[in-house]
Amino acid sequence: MKIASWNVNSVGARLPRVLDWFRAAEPDVCVLQEIKCVDEKFPAEAFEDLGYNCYVYGQKSYNGVALLSKHPAEDVIRGLPGFEDENSRYIEALIVPEDAEAVRVGGLYLPNGNPAPGPKYDYKLAWMEAFERHAARLLEDEESFVLAGDYNVIPEPSGVYAPDRWVDDALFRLESRQAYRRILNHGLTDALPHLIGHDYYTFWDYQRGAWGKNNGLRIDHLLLSPQAADRLEGGGVDADVRDPEQGDGSCKPSDHVPVWVELG
DNA sequence: ATGGTGGAGCATCCA
């Protein structure tokens, strides 16, 4: 079962490229971040035509997440449990395929947190605390789950092209990295570094020719429960979709690329 | 030190 995550930076503006990738990659489940539309504006029919059930937690202009699944989902949760959030940043569902074991999938768009320090950074750290509590709560069930999304955290220096320039940024500040480490320390597996090492990026800024210079960041992650990690068979980063030359020119690429794992 | 890009939606805010 293939489970993917992609920050699409507006599903409306990105639709042709997003659908191209779905047709090629054929994920069983994919969580999307920054859809930037309300539920009613989500292009559900386009995904339903490809065989997906759509579960959406939208928001006007900013944020917004969705979970798309070829298999019907149960227990759909919108919003991070136990956290009062004015933004749409979390969606979770239990996926029960006919031909594979069940897996719970959480899709998250963690706050950026800049400028730091300040109220936006405080919000990021509070969000991470609530997320850690939720992950710990899920671990008590001893079931397979994947928490995937745009974490907006660079876990370590290998995740950024010039670490010394990012030490004061909310994505790389010590408190952010410590909070991410605390989440992992509950017993979760950061799937892609485990599989393919640390030498990859998932985001390239639109500015300053970042893509051409490979000035990237590793900020999109898939964290697995022990039961899901036991089923881990593969995974990857579809970096080619970041290439502005790819596609028919009808829209520009997202600044993030899809990340995915294969569970047996 | 500044500005460089992109999306939403129409003046800026956010990333």
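We name chains A, B, ... by the order of the sequence lines, and we start the count at 1 in each one.
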Is Arg14(A) close enough to dG6(B) that one of its side-chain N or O atoms is under 4.0 Å from OP1 or OP2 there? no

Proximal nucleotide (of [options]) relative to the [X] side chain:
{"X": "Gln207(A)", "options": "dG9(B), dT5(B), dG7(B)", "value": "dT5(B)"}
{"X": "Ser61(A)", "options": "dC14(B), dA8(B), dG7(B)", "value": "dA8(B)"}
{"X": "Tyr109(A)", "options": "dA8(B), dA15(B), dG9(B)", "value": "dA15(B)"}
{"X": "Tyr62(A)", "options": "dG6(B), dC13(B), dA15(B)", "value": "dC13(B)"}

Atom-to-atom span, [atom1] of [X] to [atom2] of [N] - whole angstrom:
{"X": "His256(A)", "N": "dC14(B)", "atom1": "NE2", "atom2": "C1'", "result": "12 Å"}
{"X": "Ile154(A)", "N": "dA15(B)", "atom1": "CD1", "atom2": "C1'", "result": "13 Å"}
{"X": "Gln59(A)", "N": "dC14(B)", "atom1": "CD", "atom2": "C1'", "result": "11 Å"}
{"X": "Asp169(A)", "N": "dC14(B)", "atom1": "CG", "atom2": "P", "result": "16 Å"}
{"X": "Tyr206(A)", "N": "dA15(B)", "atom1": "OH", "atom2": "C1'", "result": "10 Å"}
{"X": "Lys36(A)", "N": "dT12(B)", "atom1": "NZ", "atom2": "C1'", "result": "14 Å"}
{"X": "Ile219(A)", "N": "dA15(B)", "atom1": "CD1", "atom2": "P", "result": "12 Å"}
{"X": "Asn9(A)", "N": "dA15(B)", "atom1": "CG", "atom2": "P", "result": "11 Å"}

Under 6.0 Å between ring centres, would you say that holds for Tyr90(A) and His134(A)? yes

I'd like the C1' distance from dG9(B) over to dC14(B), given in whole Å. 13 Å

When the C1' atoms of dG3(B) and dA15(B) are compared, how many Å lie between them, rounded to an integer? 16 Å

Tell me, yes or no, whether the heavy-atom count around Asp199(A) atom CG, taken from other residues, nucleotides or ligands under 6.0 Å, exceeds 12. no

Under a 4.0 Å N-O cut-off, is there an ion pair linking [X] with [Y]?
{"X": "Glu129(A)", "Y": "Arg182(A)", "answer": "no"}
{"X": "Asp20(A)", "Y": "Arg17(A)", "answer": "no"}
{"X": "Arg137(A)", "Y": "Asp141(A)", "answer": "yes"}

Indicate, with a heavy-atom threshold strictly under 4.0 Å, whether Lys41(A) touches base, sugar-phosphate, or nothing. nothing

Reading DNA chain B from 5' onward, which residue's closest nucleotide shows up sooner: Asn112(A) or Gly12(A)? Gly12(A)

